[in-house]
Protein chains: 2
Amino acid sequence: MTPTRQKLIDGALAAIREHGIAGVSARTIATAAGVNQALVFYHFGTVDDLLAAACESATAASVASYRSALAGVTSLRELLAVGRELHEREKAGGNVAILAQMLAGAQTDPRLAPPTAAALALWTAEIETVLRRVLTGSPFGTLAEPAGLAKAVSAAFVGLELYEGVDEPGATTAFEALEQLAVLAEVVDDLGPVARRALRARLRRIP
Amino acid sequence: MTPTRQKLIDGALAAIREHGIAGVSARTIATAAGVNQALVFYHFGTVDDLLAAACESATAASVASYRSALAGVTSLRELLAVGRELHEREKAGGNVAILAQMLAGAQTDPRLAPPTAAALALWTAEIETVLRRVLTGSPFGTLAEPAGLAKAVSAAFVGLELYEGVDEPGATTAFEALEQLAVLAEVVDDLGPVARRALRARLRRIP
DNA sequence: GTCTATAGTAGGATAGAC
DNA sequence: GTCTATCCTACTATAGAC
């Protein structure tokens, strides 16, 4: 990785954060990177390709920085704590914000869709591993596929970050409600043998 | 509402759907609307103001079209069915897609944030009403605030629609997992008196 | 209210000097 | 690899004719 390539990638991330997908351009990126505008095309060919590289880089780094924390998670409560920490750090950093902007752009730009899907897959794979471990033997795990659940969790998280951008206090109440729901989930997961048997019996009656 | 204003609003919605927030302009909107480009500024002053009006209009219409269906909802299962129908219709229509694009744009454009928040509030208010009714007496309702839950549901839905744009089969598995989770929620909600008492006892021990 | 024309700015992309 | 200069396109917004 040459220094200029790195500058451009960092500049692209800064430009997305500052101007959103609607405002990024070779010029705004080059300004943020402190390099000449023509270098975007020399090093990456098109703006889209630079955005793809930047998104991949930022997501890979972000996911890696949570890998050890996620590896230690053995309960829903702990997973939630990691999610809360991620959310807190995102307020300053904004790697999920990058993903959200890419996702918005990818809806109508076929060149952005594959790299965005790939970046999201980094998150879902990590979350799926944790969910598979945490939900083993739980009523939740027996019913819902960890793979689908991981995708739903990632998508919901992105949606909440977007929502926070237009209604910060509202987003706080939304997160609090989800935390309460997770508490309930842990309680259900932790029911005594009698109640648990009743639950299992009910579940068996569902196709 | 003059015919031209209406054409412009419809054109704005079509343009957002086709080009995303990154690609809308007075020109793309005017082309979609079949009117002269200068009329955007005559009728709405700025592109942002037209987008705001279009978003409000589309969301209000969409919410209104689900009001009667939502009024008949008395269980989580039924609420889920409405959600599924909305999701199916969105594949063709795309009013949530509009909201998602506005949300992405609003992150960095302060002029888009208030109208976007207002449009989202139309959905959350409706969902909150239903949740409040459905969750009365349920362990879920006693723990989590319907207001926060409604916001979380709306945000998650937007996130899932965005996710679907880059990974359609993945989004399907995500929706399926959430449906399974809702089934489990209904089962918990419907537990026999013994198990229910055990659940309540546990919940009381949590602050 | 709607049109044409246009000013002024910003954007993608390339050629060619260094 | 990096820079300047430049072409062409597209954008917002307005002025003025109809």
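Convention: sequence-line order gives letters A, B, ...; per-chain numbering from 1. Bear in mind the structure is a predicted one, so any value in this text is a computation, not a measurement.
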Give the rounded distance in Å between these two atoms: [atom1] of [X] and [atom2] of [N].
X: B:K7; N: C:dT2; atom1: NZ; atom2: P; answer: 8 Å
X: B:H43; N: C:dT2; atom1: NE2; atom2: C1'; answer: 8 Å
X: B:D109; N: D:dT12; atom1: CG; atom2: C1'; answer: 14 Å
X: A:H19; N: D:dC11; atom1: NE2; atom2: C1'; answer: 17 Å
X: A:L8; N: D:dG1; atom1: CG; atom2: P; answer: 12 Å

Which pairs would a plain distance check flag for residues 96-109 of chain B, meaning a side-chain donor or acceptor within less than 3.5 Å of a matching protein atom at least two apart in sequence or in another chain?
unit_1 : atom_1 : unit_2 : atom_2 : d
B:Q101 : OE1    : B:I21  : N      : 2.8
B:Q101 : NE2    : A:A104 : O      : 2.9
B:Q107 : NE2    : A:L162 : O      : 2.7
B:Q107 : NE2    : B:L103 : O      : 3.0
B:T108 : OG1    : A:H19  : O      : 3.1
B:D109 : OD1    : B:R111 : N      : 3.0

**Q.** Contact list for DNA chain D against residues 29-36 of chain A - heavy-atom distance below 4.0 Å
**A.** A:N36
(Q) So for atom CD, which belongs to A:E18, do other residues, nucleotides or ligands contribute more than 12 heavy atoms lying within a distance under 6.0 Å? (A)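 12 or below, so no.
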Q) In B/S/- notation, 5' to 3', how is nucleotides 11-18 of chain C contacted by protein heavy atoms closer than 4.0 Å? A) BBBB----
Distance-only check: which donor-acceptor pairs under 3.5 Å involve side-chain atoms of residues 143-151 of chain B, not counting sequence neighbours?
none

Q. So which nucleotide from D:dT2, C:dC3, C:dG1 ends up closest to the side chain of B:T2?
A.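 The answer is C:dG1, which lies nearest to the side chain.
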N/O donor to acceptor pairs below 3.5 angstrom from side-chain atoms of residues 29-41 of chain A, sequence neighbours left out:
unit_1 : atom_1 : unit_2 : atom_2 : d
A:T31  : OG1    : A:R27  : O      : 2.8
A:N36  : OD1    : A:A38  : N      : 2.8

**Q.** For the student: nearest non-hydrogen atoms of B:L13 and B:A54, plus distance
**A.**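 Where B:L13 meets B:A54 most closely, the heavy atoms are CD2-O, 3.6 Å.
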Q) Looking only at heavy atoms, what is the nearest atom pair of B:A171 and B:Y163, with distance? A) N-CE2, 3.5 Å
Q: May I have all residue pairs that pass ring-ring contact (aromatic ring centres under 6.0 Å, His included) and include part of residues 50-107 of chain B, sequence neighbours excluded?
A: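 Non-adjacent pairs meeting ring-ring contact (aromatic ring centres under 6.0 Å, His included): B:H87-B:F175.
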Q: Decide, yes or no, whether a salt bridge links A:R89 with A:E85 under the criterion of side-chain N to carboxylate O below 4.0 Å.
A: yes
